[in-house]
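Computed from a predicted model, the values in this text were never measured in an experiment. Residue numbers begin at 1 in each chain, while the letters A, B, ... track the order of the sequences.
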Protein chains: 2
Amino acid sequence: MSKRSQAVETIQRELIEFARRARGVSARSHPGLSLVAYTLLTHVERHEQTRAADLAEHYVLDKSTVSRQLAELADRGLLERVADPRNHRSRVLRVTAKGRRHLDVAREQAVGAMADRLTDWPDADLARFASYLERYNSA
Amino acid sequence: MSKRSQAVETIQRELIEFARRARGVSARSHPGLSLVAYTLLTHVERHEQTRAADLAEHYVLDKSTVSRQLAELADRGLLERVADPRNHRSRVLRVTAKGRRHLDVAREQAVGAMADRLTDWPDADLARFASYLERYNSA
DNA sequence: ACAACGAGTTGTACTCTACAACCATCTGGC
DNA sequence: GCCAGATGGTTGTAGAGTACAACTCGTTGT
């Protein structure tokens, strides 16, 4: 097997490995905001004018799943569904101030835990790792 | 915020982003072998003498969850639980020939899909990305 | 104006998961 | 040797996340 396909296989395996552990770690570290909810909320925060259907497509989830997750987030006051005057079928999503606070706390914890694992990484490696991940995800 | 903590935050966000999509993508691409089952089987293949408790610890899962997943894998003939003569409490796990075939097929699909996303990456970047992921996961 | 489409919600069922209770086996101190 | 506590695993039960199907309501195109 070529060096290249070995690298691809390693990337595949290690990413899956991470994904598999992330759920459990996240459930333990911030109970009360599931990984799904956290991710959806983060996405809405970062992307203006997101609608439920966009989330479903992006995260490969059924629209019913997204609908219920958003309903829960809205119930808890972390997110608003704003009627779009131009299109009465859909509603545009927006994180509330309360939601933003929750996200800040969760993010701080998550980033803190991650920073611990990365303490002995040189700055240059961190920057490159970050850019690789962005590049991979945006493909 | 420093460049360094920006990088850490990006890494955190992008890894979670990946994890969140992995489940759905995997469920669609290889139905019949869940992401959990696939990961456990891969782990057993790569690590001799793995026991159920090791998997539970490694993947941050309850031992009951692992027990059921393994029971299913064993039922389907993909994995064996071999009695350990030295310790009658535990059983050592081993992938069967059938299990190996399943893994090969699943891996080939997964790696193929991933290779498509990575076609325009230079070899050096792939190698570095792979090594970063290994380094991160082994921490 | 009506049919097709798009966005979202709700009913239902299944899987993954945790927690608790349990059984069997091993280990260390006495 | 023997018992208490630890370790490995299974089973009962319940809850969260998810998909699929059927539905409503609004929009678009012919």
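- For the pair L33(B) CG and dT15(C) P, the computed distance is 14 Å after rounding to whole Å.
- Residue Q69(B) places its side chain closer to dT17(C) than to any other of dT17(C), dA19(D), dT9(C).
- In this structure, CG of L40(B) is placed 13 Å from P of dG9(D), rounded to the nearest angstrom.
- In this model, the phosphate group of dG8(D) is approached by a side-chain N or O of R51(B) to a distance below 4.0 Å at OP1 or OP2.
- With rounding to whole Å, D84(B) atom CG is found 12 Å from dC26(C) atom C1'.
- Closest contact between the side chain of L61(A) and the listed nucleotides dG8(D), dT18(D), dA18(C) involves dT18(D).
- Hydrophobic clustering (side-chain heavy atoms under 4.5 Å, transitive across Ile, Leu, Val, Met, Phe, Trp, Tyr) groups L55(A) together with L103(A).
- Across all strands shown, S90(B) has heavy atoms under 4.0 Å from sugar-phosphate atoms exclusively, and none from any base.
- Taking atom CG of residue D62(A) and atom P of nucleotide dA13(C), one finds them 17 Å apart after rounding to whole Å.
- Neither OP1 nor OP2 of dA18(C) sits under 4.0 Å from any side-chain N or O of S64(B).
- In this structure, V92(B) reaches neither bases nor backbone, as no heavy-atom distance under 4.0 Å exists between it and the strands shown.
- One atom, CG of L55(B), and another, P of dT17(C), lie 12 Å apart when rounded to the nearest Å.
- The side chain of R81(B) contributes an N or O atom lying less than 4.0 Å from OP1 or OP2 of dT10(D).
- R117(B) places a side-chain N or O within donor-acceptor distance of the main-chain N or O of A139(A), the cut-off being under 3.5 Å.
- Side-chain polar atoms of H43(B) and Y59(B) form a donor-acceptor pair below 3.5 angstrom.
- Using a 4.0 Å heavy-atom distance criterion, R68(B) is classed as a base contact.
- Between the side chain of S34(B) and the base of dC16(C), no donor-acceptor pair of N or O atoms lies under 3.5 Å.
- In this structure, E72(B) atom CD and dT17(C) atom C1' are separated by 15 Å, rounded to whole Å.
- Each of D54(A) and N87(B) was matched to the nucleotide of DNA chain C holding its nearest heavy atom; the match closer to the 5' end belongs to D54(A).
- The interatomic distance linking R91(B) (CZ) with dT25(C) (P) rounds to 12 Å, in whole Å.
- A straight line from CG of L70(B) to C1' of dG8(D) spans 12 Å, rounded to a whole angstrom.
- Between R86(B) and dC26(C) there is no side-chain N or O to OP1 or OP2 distance below 4.0 Å.
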Determine, stepwise, if the pair D125(A) / R135(B) fulfils salt bridge (Lys or Arg N to Asp or Glu O under 4.0 Å).
CA-CA 11 Å; D125(A) 284 347; R135(B) 186 163 155 201; 3.3 Å; yes
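- Along DNA chain D, the nucleotide closest to V60(A) and the one closest to H88(A) are compared, and the more 5′ of them pairs with V60(A).
- Ion pairing between R107(B) and E45(B) holds under the 4.0 Å rule for side-chain N and carboxylate O.
- In the interface, the side chain of R89(A) is not paired with the base of dT27(D) through any donor and acceptor atom under 3.5 Å apart.
- With distances taken from any side-chain atom of R23(A) to the nucleotides dG9(D), dT25(C), dA18(C), the minimum falls on dA18(C).
- V111(A) and L118(A) fall within a single hydrophobic cluster, where Ile, Leu, Val, Met, Phe, Trp and Tyr are joined by side-chain heavy atoms under 4.5 Å apart, directly or via other members.
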